[in-house]
Amino acid sequence: MTRVEKLPGFPIVIVTEKGHVNPKYVQRNMMRVADLAQGIEGQFFLIVDTRKSDAAFADTLAIAKAWREYWADIHTPSTILVGKSHYTRLLRDLLSQRQRQSTPVFDNLEDALESARLQLSSRQVTTG
């Protein structure tokens, strides 16, 4: 079962995927993320933990396409991936192309959270 949660006190939503992932599964997760992000002002971070999930090549292509289409009409989150699988690396490459910026990947959730917190901290310093 997938877990989607907002980190208390931070504009960060974490999706923990488990099992085989397909476009329908991801679409449900994106809707849950959008619901949780409604109370967040400005940019938010979406951390997707893929360490316990996998997807077929064709499904990964469809997932990236669905991702682009879903976030096209609403504010796209800054995405960070967690995992080492072929699925994770391919998803990173596809999302980076579509978002025209690098999608970082970390081996563990703690490093991904620290990266998001550091970026948030630097935004507060530079934007006041």
ask   = Counting distance only, does the side-chain N/O of R51 pair as donor-acceptor with the main-chain N or O of K84 below 3.5 Å?
value = no
- Task: Would you indicate whether the side-chain heavy atoms of R28 and K24 approach each other to under 4.5 Å?
- Result: yes
Item checked: D59 vs P23 side-chain heavy atoms within contact, under 4.5 Å -> yes
Atom pair [atom1] ([X]) and [atom2] ([Y]), whose distance is rounded to the nearest 0.5 Å:
| X | Y | atom1 | atom2 | answer |
| --- | --- | --- | --- | --- |
| L7 | I47 | CG | CD1 | 7.5 Å |
| L46 | F44 | CG | CZ | 6.0 Å |
| T2 | E17 | OG1 | CD | 6.5 Å |
| T60 | Y87 | OG1 | OH | 6.0 Å |
| L113 | D49 | CG | CG | 9.5 Å |
| L94 | I63 | CG | CD1 | 10.0 Å |

Exercise for the section: Would you check, one step at a time, whether the test side chain to side chain contact (heavy atoms under 4.5 Å, CB included) holds for F106 with E114? Expected result: CA-CA 10 Å; F106 292 92; E114 184 63 21; over 6 Å; no
Report task. List the steps, then state whether side chain to side chain contact (heavy atoms under 4.5 Å, CB included) holds for L109 with T16. Result -> CA-CA 10 Å; L109 184 59; T16 305; 5.6 Å; no
Would you name the heavy atoms of [X] and [Y] that are closest together and state the gap between them?
| X | Y | result |
| --- | --- | --- |
| I80 | S115 | CD1-OG, 4.2 Å |
| V105 | G83 | CG1-O, 3.3 Å |
| S53 | S85 | O-OG, 4.4 Å |
| R117 | F10 | NE-CZ, 3.8 Å |
| Y25 | K18 | OH-N, 3.1 Å |
| T88 | L81 | O-CD1, 3.7 Å |

| message | Is it true that, when you exclude H20 itself, more than 12 heavy atoms of the residues, nucleotides or ligands shown sit nearer than 6.0 Å to its NE2? | response | yes
Checklist entry - Among the clusters formed by ILVMFWY side chains lying less than 4.5 Å apart, do F45 and L118 turn up in the same one? => result no
query = Does the side chain of T103 come under 3.5 Å of the side chain of S96 through a donor N or O and an acceptor N or O?
reply = yes
- Go through the side-chain N and O atoms of Q119 and S78 and say whether any donor and acceptor fall under 3.5 Å apart. no
Which of V4, I14, V48 passes side chain to side chain contact (heavy atoms under 4.5 Å, CB included) with V33? Answer is V4
Next item on the list: Carefully, step by step, assess D107 and D111 under the rule side chain to side chain contact (heavy atoms under 4.5 Å, CB included).
Entry: CA-CA 8 Å; D107 291 342; D111 288 346; 5.7 Å; no
Check your understanding: So I40 and K6, side chain to side chain contact (heavy atoms under 4.5 Å, CB included) or not? Walk me through it.
Key -> CA-CA 10 Å; I40 299 174; K6 183 185 173 299; 3.7 Å; yes
